[in-house]
Amino acid sequence: MVAADDFEIAGRRFGSRLIMGSGGYPNQQVMLDALEASGTEVVTVSIRRVSLEGYSESMVDLIGSRYTLLPNTAGCESVRDAVLTAELAREALETDWVKLELIGDRETLMPDGIQLVEAAEQLVKSGFQVLPYCTDDPILCQRLVDVGSSAVMPLGSPIGSGMGICNPFNLEMIVRRSTVPVVCDAGIGTASDAAQALEIGCDAVMLNTAVSRSNDPVSMAAAMRRAVEAGRLAHRAGRIPRRRYAEPSSPQLGLIGS
Amino acid sequence: MTRQIRVNGDPVPVAATTIAALLAEQGIDRTAKGVAVAVNGGVVRRAEWDETPVRDGDDIEIVRPFRGG
């Protein structure tokens with residue numbers, strides 16, 4: 001049995017390797033119960049304009065004392081908007097951590113790699129710990145690290161698609177080369193996808209829709225917790241090499257009738 | 001005297017002369033956790049809300065954390 005191992009980003013240690021989103025739950029209580037069941041310590045939030053008509057309960061009051069809140073720049077399509085959103089998030093949440101999202105368009109929600117590097121560089125210079133959500137491109141991940149990102153968050157597949165990890169070979173390459181933690185983000189559909197991310201060697205996995213939109217978010221959150229633990233254990237234990245032909249696991253000698 | 005500014009993208013006539021007064025005028029509790037303000041693309045820190053003026057034509061963003069992934 002291997003010892004429990006913590007996970008570290010930018011000098012902060014976490015026991016759980018599961019980062020959870022807070023969007024799309026059927027209601028607030030289900031979200032709270034699912035977050036609890038997931039064992040997560042870090043929960044992402046978006047930064048949005050206050051509605052001048054209605055004033056809903058603050059995420060800070062709701063979960064801010066229990067979890068580390070990681071603001072994202074979800075939906076931003078320009079460097080300017082993403083940087084301003086990050087700066088507003090720093091003021092709103094008193095954190096210099098940001099999950100940097102800069103999408104190329106609203107149909108694919110795919111990260112815009114070119115703008116992403118520019119925004120990451122600006123934010124790093126302004127003192128942020130930048131965790132960019134990016135495509136599963138080892139070179140882009142390298143560029144993001146070159147400009148000072150604290151982690152990289154390559155996608156498994158498009159946001160909310162539930163397609164799992166479409167290119168495990170790319171993710172493996174990113175993990176093998178990366179000098180910062182790799183958090184597989186987006187596309188997780190079910191528990192085995194999360195386990196696979198950790199088996200490949202990702203340091204953590206970030207997911208939202210797979211839990212919040214499942215039929216039973218609390219049970220799925222519990223499944224994700226176990227999947228992440230199982231994937232990590234399997235990674236540390238080391239999988240056997242794949243081979244094309246059978247290899248008996250019982251002794252060949254002493255068979256009756258031989 | 002009222003001035004015309006933009007708050008969260010919408011044109012709004014305001015009497016407030018400071019950010020703090022603007023928040024009060026818009027019914028936003030300034031002590032609520034998580035509220036952040038930007039004027040013309042630059043963040044105005046909470047400690048500066050009392051002194052920061054609201055000028056005619058200002059483009060003001062008032063945000064807070066919401067659910068999201």
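Just so it is clear, the model here is predicted, and its values are computed rather than measured.
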>> Which atoms of A/Met206 are under 4.5 Å from chain B, going by heavy atoms: the side chain, the backbone, both sets, or neither?
In response: side chain
> Any idea which heavy atoms bring B/Gly41 and A/Leu84 closest together, and the distance?
Replying inline: O-CD1, 3.5 Å
> Is there a donor-acceptor pair under 3.5 Å between the side chain of A/Arg49 and the backbone N or O of B/Asn8?
Replying inline: yes
> Is there a donor-acceptor pair under 3.5 Å between the side chain of A/Asp61 and the backbone N or O of B/Lys33?
Replying inline: no
> Where on A/Glu101 is there a heavy atom nearer than 4.5 Å to chain B: the side chain, the backbone, both, or neither?
Replying inline: side chain
> Does A/Thr44 reach the main-chain N or O of B/Gly68 with its side chain, forming a donor-acceptor pair under 3.5 Å?
Replying inline: yes
>> Does B/Gln4 have more than 12 heavy atoms from other residues, nucleotides or ligands lying within 6.0 Å of its CD?
In response: yes
>> For chain A, which candidate among B/Val44, B/Val37, B/Val63 shows the most heavy-atom pairs at distances under 4.5 Å?
In response: B/Val63
> Going by heavy atoms in the side chains, are B/Pro65 and A/Leu93 under 4.5 Å from each other?
Replying inline: yes
> A/Ala92, A/Gly24, A/Ser46, A/Ala89: which one forms the most heavy-atom pairs within less than 4.5 Å of chain B?
Replying inline: A/Ser46
> Any residues in residues 46-61 of chain B near chain A, with a heavy-atom distance under 4.5 Å, and which are they?
Replying inline: B/Arg46, B/Glu61
> So which heavy atom on A/Leu88 is nearest to which on B/Val43, and how close?
Replying inline: N-CG2, 3.8 Å
> Is there any residue in residues 211-219 of chain A with a non-hydrogen atom under 4.5 Å from a non-hydrogen atom of chain B, and which ones are they?
Replying inline: none
>> Would you compute the distance between atom CD of A/Gln28 and atom CZ of B/Arg67 and round it to the nearest 0.5 angstrom?
In response: 5.0 Å
> With respect to chain B, which residue among A/Gly64, A/Gly21, A/Gly23 yields the maximal number of heavy-atom pairs within a distance under 4.5 Å?
Replying inline: A/Gly23
> Is it the side chain or the backbone of A/Arg90 that comes within 4.5 Å of chain B heavy atoms, both, or neither?
Replying inline: neither
